[in-house]
Trainee: 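Quick one: the structure is below, and I'll ask about it shortly.
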Number of protein chains: 2
Amino acid sequence: MSERKEQWLEELIRLTEGDEKKKTDKQAKILEAAIEIFAEKGFAATSTSEIAQKAGVAEGTIFRHYKTKKDLLLSIAGPIASKLVAPFLARDFAKVIDLPYEKADDFFRSVARDRLRFARNNEKLIRILIHEVPFQPELMEQMKAMLTEIVAARMKRVVEHFQNQGQLIEAPPWRIVRSAASMFIGMIIFHVILAPDFPFDDDEEIDRTLDLLMHGISGRKA
Amino acid sequence: MSERKEQWLEELIRLTEGDEKKKTDKQAKILEAAIEIFAEKGFAATSTSEIAQKAGVAEGTIFRHYKTKKDLLLSIAGPIASKLVAPFLARDFAKVIDLPYEKADDFFRSVARDRLRFARNNEKLIRILIHEVPFQPELMEQMKAMLTEIVAARMKRVVEHFQNQGQLIEAPPWRIVRSAASMFIGMIIFHVILAPDFPFDDDEEIDRTLDLLMHGISGRKA
DNA sequence: AATAAAAGTGAGTACTTACTCACGATCTTG
DNA sequence: CAAGATCGTGAGTAAGTACTCACTTTTATT
């Protein structure tokens with residue numbers, strides 16, 4: 001357990017240093033193909049022969065680089081999970097509090113924009129992550145740990161800071177964070193998965209959603 | 001396509017009339033076992049032999065009742081999808097507008113409570129639904145159709161009604177519906193999946209979440 | 001009680017699965 | 001350039017896989 005924990009923590013540290021492992025050409029092809037098919041059909045429904053074929057590689061080559069099929073999945077899902085929460089680990093994230101963001105909504109807008117762009121640039125990887133996390137206990141633990149120990153912990157401090165300034169209402173920080181996350185994740189899922197045809201301006205939509213989040217949907221006569 | 005559409009529409013009508021098909025003992029056992037394992041390991045990772053074993057039934061028996069494994073999945077996921085949106089189809093749903101609910105938040109509270117209870121009573125089925133919908137095009141189409149033609153359409157009318165009364169702000173109804181849905185679905189996922197240990201009072205939590213939804217998270221000095 | 005229909009069985013089938021391994025090709029390093 | 005390590009291969013394997021079918025057992029109908 002503690003080994004696991006250290007593993008993704010090291011991975012996070014490595015990420016901030018921009019240290020990528022050297023991959024051979026064929027290995028890159030394998031990863032590319034695996035991501036493509038995992039995202040489309042799911043991990044369990046994907047065969048290694050299919051991956052090999054799409055990658056233009058012999059099946060044995062896959063197992064030279066990855067002990068098992070599951071190992072291949074983890075080497076895809078692990079890093080993306082780390083990258084997803086990486087910004088919250090940044091050393092200056094806590095300092096975000098008193099430096100660039102004087103207003104709470106500016107802060108939320110900034111985070112939302114950044115993570116939405118990230119999601120758009122890594123759609124397939126995030127699809128894989130969402131789908132396979134519930135079935136891979138190790139991934140599940142990793143995600144839970146990251147969300148509670150990094151994201152929730154950091155966000156809690158930020159929310160408390162804005163509460164002290166009277167910019168946010170006096171409610172349990174976790175509920176505020178949960179609500180904000182729900183709103184934006186719901187927005188992403190709705191527009192990316194449910195209505196991908198219907199085009200919209202990301203920044204504009206974020207602003208409108210942020211408005212609802214900050215001031216609610218209640219009208220004057222409520 | 002139109003045949004498909006009629007299929008789940010008929011299913012919905014049947015549901016309102018409480019018409020359940022007669023099942024044999026072993027068939028019930030098969031469904032029970034399949035739901036259990038599908039929810040735990042996912043459809044693709046589940047073998048028919050495993051289902052048969054858990055159901056205490058010969059493997060051939062499964063295929064007497066269901067042509068294929070996929071057929072078995074659809075006969076589980078289809079009905080639960082229908083039941084999930086069924087309340088929105090109720091004839092009196094539109095009338096909900098001028099009869100029992102004078103206040104918008106009472107309406108939202110009522111819907112949230114009802115569907116949360118439904119989700120709690122059908123946790124495994126909903127898990128299966130969420131997980132397999134993206135991979136089964138037919139299910140995907142069914143869900144999209146239901147969400148747009150039934151849920152969204154009805155909710156739009158209700159929101160517009162409350163907007164006319166000045167109880168809700170003048171924003172696009174779909175965005176208001178999306179925000180409300182995101183908040184409550186986020187609440188459910190958070191408490192059911194991410195923090196199942198941490199016990200909480202459903203109705204109380206719904207009220208607090210509804211508060212945030214109605215009035216936002218912005219403080220006095222914002 | 002006789003007959004038909006439906007439910008249940010489990011051995012069998014054709015095929016796919018993840019993974020191995022002995023061997024040749026390519027790269028790295030002295 | 002020699003030698004060892006790493007990379008790449010594809011035929012091969014044992015263990016499933018979803019599904020079938022001739023058969024027996026149970027249930028429904030007359």
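Everything numeric here is computed off the predicted structure, so don't read it as measured data. Each chain gets a letter, A, B and so on, in the order the sequences are listed, and its residues count up from 1.
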Trainee: B:Lys67 has an atom NZ; how far is it from atom P of C:dA7, in whole Å?
Mentor: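 To the nearest whole Å, that distance equals 15 Å.
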
Trainee: With a 4.5 Å cut-off on side-chain heavy atoms, are B:His65 and B:Thr24 touching?
Mentor: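 Yes. Closest side-chain heavy atoms under 4.5 Å.
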
Trainee: Could you tell me whether B:Glu59 contacts a base, only the sugar-phosphate backbone, or nothing, with contacts defined as non-hydrogen atoms closer than 4.0 Å?
Mentor: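 Base, at least one base heavy atom under 4.0 Å.
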
Trainee: What nucleic acid atoms does A:Thr48 come within less than 4.0 Å of, heavy atoms only: base, sugar-phosphate, or nothing?
Mentor: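 Since a base atom lies under 4.0 Å of A:Thr48, the category is base.
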
Trainee: Anything under 4.0 Å to a heavy atom of chain B counts; send over the first and last such nucleotide of DNA chain D, read 5' to 3'.
Mentor: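 Going 5' to 3' along DNA chain D, contacts run D:dT17 to D:dA22.
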
Trainee: Report the C-alpha distance between A:Asp202 and A:Arg120 in whole Å, list the side-chain angles of each, state the deciding distance to 0.1 Å, and finish with yes or no for salt bridge (charged side-chain N to carboxylate O under 4.0 Å, His left out).
Mentor: CA-CA 10 Å; A:Asp202 283 1; A:Arg120 285 215 182 275; 2.7 Å; yes

Trainee: How close or far is atom P of C:dG24 from atom CZ of A:Arg64, stated in whole angstroms?
Mentor: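 Taking atom P of C:dG24 as the reference, CZ of A:Arg64 is at 14 Å.
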
Trainee: Starting at CD1 of A:Ile62 and ending at C1' of C:dC19, how long is that distance when rounded to a whole Å?
Mentor: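 A:Ile62 atom CD1 is separated from C:dC19 atom C1' by 11 Å.
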
Trainee: Would you say B:Thr61's side chain and B:Val57's backbone share a donor-acceptor pair under 3.5 angstrom?
Mentor: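 Side chain of B:Thr61 to backbone of B:Val57: no pair is present.
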
Trainee: Could you give the NZ-to-P distance, from B:Lys29 to C:dA7, as a whole number of Å?
Mentor: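 For the pair B:Lys29 NZ and C:dA7 P, the rounded distance is 18 Å.
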
Trainee: Using whole Å, report how far CD of B:Glu50 lies from C1' of C:dT17.
Mentor: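 So the two atoms are 16 Å apart, to the nearest Å.
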
Trainee: Check for me whether A:Lys69 meets the cation-pi criterion with A:Phe43, that is, NZ or CZ under 6.0 Å from the six-membered ring centre and within 45 degrees of the ring axis.
Mentor: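 Yes, cation above the ring, under 6.0 Å and within 45°.
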
Trainee: Whole Å only: how far is the CD atom of A:Gln53 from the P atom of C:dT16?
Mentor: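 Nearest whole value for this atom pair: 12 Å.
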
Trainee: I want to check something: taking the side chain as every heavy atom from C-beta on, are A:His131 and B:Pro134 in contact at a cut-off of under 4.5 Å?
Mentor: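 Contact flag for A:His131/B:Pro134 side chains = yes.
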
Trainee: Is any NZ, NE, NH1 or NH2 atom of the basic residue among A:Arg178 and B:Glu205 found under 4.0 Å from an Asp or Glu carboxylate oxygen of the other?
Mentor: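 Counted as a salt bridge, because a side-chain N and a carboxylate O are separated by less than 4.0 Å.
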
Trainee: Name the nucleic acid region contacted by B:Thr61, choosing base, sugar-phosphate or nothing; use a 4.0 angstrom heavy-atom cut-off, strictly under.
Mentor: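 Here B:Thr61 touches the bases of the nucleic acid.
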
Trainee: Looking at A:Lys70 and A:Glu138, is any side-chain nitrogen of the basic one under 4.0 Å from a carboxylate oxygen of the acidic one?
Mentor: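 Between A:Lys70 and A:Glu138 there is a salt bridge, with a charged N closer than 4.0 Å to a carboxylate O.
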
Trainee: Using whole Å, report how far CG of A:Leu73 lies from P of C:dC19.
Mentor: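 Computing the A:Leu73:CG to C:dC19:P distance gives 12 Å.
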
Trainee: Can you check the A:Leu72 CG to C:dC19 P distance for me, whole Å?
Mentor: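 Checked: the CG to P distance equals 10 Å.
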
Trainee: Check whether any side-chain N or O of A:Lys69 sits under 4.0 Å from OP1 or OP2 of C:dA18, and answer yes or no.
Mentor: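 Looking at the OP1 and OP2 atoms of C:dA18, one of them is under 4.0 Å from a side-chain N or O of A:Lys69.
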
